[in-house]
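Quick note: numbers below take in every heavy atom, side chains included, and nothing from hydrogens, waters or symmetry partners. Computed from a prediction, not measured in an experiment: that's the story for all the values here.
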Amino acid sequence: MSRADAAQAAGREVTVTVPATSANLGPGFDALGLALSLRDEVRVRVEPASAPEVTVHVEGEGADSVPRDASHRVVRALHATYDRLGLPRPHLTMSCTNRIPHGRGLGSSAAAAVAGVLAARALSGAALDTEVALALATDLEGHPDNAAACLLGGLTIAWTDRSGTHAVRMETAPGVRAVVFVPSTELSTDTARGLLPATVPHADAAHAAGRAALLVEALTRRPELLLPATEDRLHQGYRAPAMPATAGLVDALRAAGVAAVVSGAGPSVLALTAAVDEPAVPPPPGWTVLDLPVSSRGAQVGPSGGHDSP
């Protein structure tokens, strides 16, 4: 059987689980990412050529809003990977169990991109190394921070240069915990990015570089430095008018000594702590509090539940 025939063999099936992620982490804009222990699950089955090209089933987050055709983010990523491999796109049935909130700054779109890339790799049996998988997911996302953390797990630093997209992975210090405050409202990444200026003051850029470096030390070895290490001047202030409740909660938590930041583009708030107790500041009415330990597991092929251990 040829590689192309194998890639389209009806009955081939794969399950991919992908973690939620939080990116930026304050000063690490478009570079730092953290995998969290809440996972989406995607099951993809190759169907005979006589079947519809794409059939999509969704339960959980986004069940009433995400597309059920080839424009679905996971399907787009799967198709892009098959195209990159030079293989014909198979007819498929996909079932998604979504647990990562959509439009809340917890990496749901990156999770979909990574799930599609890894599903295509597993179904096709093609050799596709991790760096290429990251590049494909980043092409769909536009930036690598969430995609790297989703793919690799743990704490990641991602960057893009002339040779492609790269990432390094680190373990967080024992005891570092993530508590996520999730509002009922959504905010698109495009909207949040549209609020950022084309340039920033040199002093703010220097501040971000220093605090991002300190944040790596705080997360991996010295959690007592988390509060100063998460101070941001690069993006959160510019986005605050679009999410005043988020900005207010971040300010209140930080005033109470909790290392709080906007999660990704928002509007969720990420609190990083090494303490056993929950952050003392309650969220605004209608918000949900999720205790999500940092996940050392990145995206995986195989069955899993919706949560995992750190």
- Message: Using side-chain heavy atoms (C-beta onward) and a distance below 4.5 Å, is P67 in contact with R73?
- Response: no
Table please: side-chain donor-acceptor pairs of residues 51-64 below 3.5 Å, with sequence neighbours left out.
none

Distance only, no hydrogens: is a donor on one side chain within 3.5 Å (strictly under) of an acceptor on the other, for S109 and E141?
yes
To the nearest 0.5 Å, atom NE2 of H143 lies from atom OG1 of T138 at 9.0 Å
Taking every heavy atom of P19 against every heavy atom of C150, the minimum-distance pair comes out as CD-O, 3.5 Å
*For the residue pair T21 and T156, establish whether any side-chain heavy-atom pair is separated by less than 4.5 Å.*
no
Between I100 and A111, the two heavy atoms sitting closest are CD1-CB, 3.8 Å
Residues passing the ring pair (Phe, Tyr, Trp, His ring centres under 6.0 Å) test with H166, sequence neighbours excluded, are W159
message = Side chains of D161 and S163: any donor to acceptor distance under 3.5 Å?
response = yes
Contacts of D232 meeting salt bridge (charged side-chain N to carboxylate O under 4.0 Å, His left out) (sequence neighbours excluded), chain-then-number -> none
Between P27 and A229, the two heavy atoms sitting closest are CG-O, 3.2 Å
Distance col, row Y82:OH vs R121:CZ, nearest 0.5 angstrom, shows 12.5 Å
Rounding to 0.5 Å, atoms CG (L106) and CG (L290) come to a distance of 7.5 Å
Same cluster or not: F29 versus V261, using hydrophobic residues (I, L, V, M, F, W, Y) connected whenever any side-chain heavy atoms lie under 4.5 Å apart?
no
Close side-chain approach of I157 to L32, heavy-atom, < 4.5 Å | yes
Smallest heavy-atom separation, A178 atom then L270 atom, equals CB-CD1, 3.7 Å
Taken to the nearest 0.5 Å, the spacing of R89 CZ from S124 OG works out to 14.0 Å
ask   = Any side-chain donor-acceptor pair under 3.5 Å between R254 and T230?
value = yes
- Taking the side chain as every heavy atom from C-beta outward, state whether L214 and L225 have any pair of such atoms under 4.5 Å apart. yes
Quick note, salt bridge (charged side-chain N to carboxylate O under 4.0 Å, His left out) partners involving residues 13-22, not counting sequence neighbours, are E13-R45
**OP:** Tell me, yes or no, whether the heavy-atom count around R84 atom CZ, taken from other residues, nucleotides or ligands under 6.0 Å, exceeds 12.
**Re:** no
The reported gap from CZ in R297 to CG in L152 (rounded to nearest 0.5 angstrom) is 14.0 Å
Group every Ile, Leu, Val, Met, Phe, Trp and Tyr by side-chain heavy-atom contacts under 4.5 Å, then state whether L136 and M94 land in the same group.
yes
| field | Polar side chain donor-acceptor pair, T17 to R39, under 3.5 angstrom | value | yes
Besides L187, the hydrophobic cluster formed by Ile, Leu, Val, Met, Phe, Trp and Tyr side chains linked at under 4.5 Å, directly or via other members, contains V179, F181, M243, L249, V250, L253, V258, V262, V269, V281, W287, V289
Margin query: For a 4.5 angstrom cut-off between non-hydrogen side-chain atoms, does L219 reach L25?
Written below: yes
So salt bridge (charged side-chain N to carboxylate O under 4.0 Å, His left out) across residues 204-230, not counting sequence neighbours, yields D204-R233, R211-E231, E217-R221, R222-E224
Tightest non-hydrogen contact, residues A112 and A77, listed as O-CB, 4.2 Å
Are R76 and D69 within salt-bridge range, i.e. N to O under 4.0 Å? no
Margin query: Salt bridge check, E41 against R43: does any charged N sit closer than 4.0 Å to a carboxylate O?
Written below: yes
Just wondering, do V16 and V44 contact through their side chains at under 4.5 Å, heavy atoms? no
Donor-acceptor side-chain pairing of S263 and S268 below 3.5 angstrom | no
Quick one, L128 and V117 - any side-chain contact, counting heavy atoms below 4.5 Å?
yes
Non-hydrogen side-chain atoms of S295 and L36 separated by less than 4.5 Å: no
All heavy atoms of E47 vs all of A10, minimum pair found to be C-CB, 3.9 Å
Exercise for the section: Group every Ile, Leu, Val, Met, Phe, Trp and Tyr by side-chain heavy-atom contacts under 4.5 Å, then state whether V74 and L140 land in the same group. Expected result: no
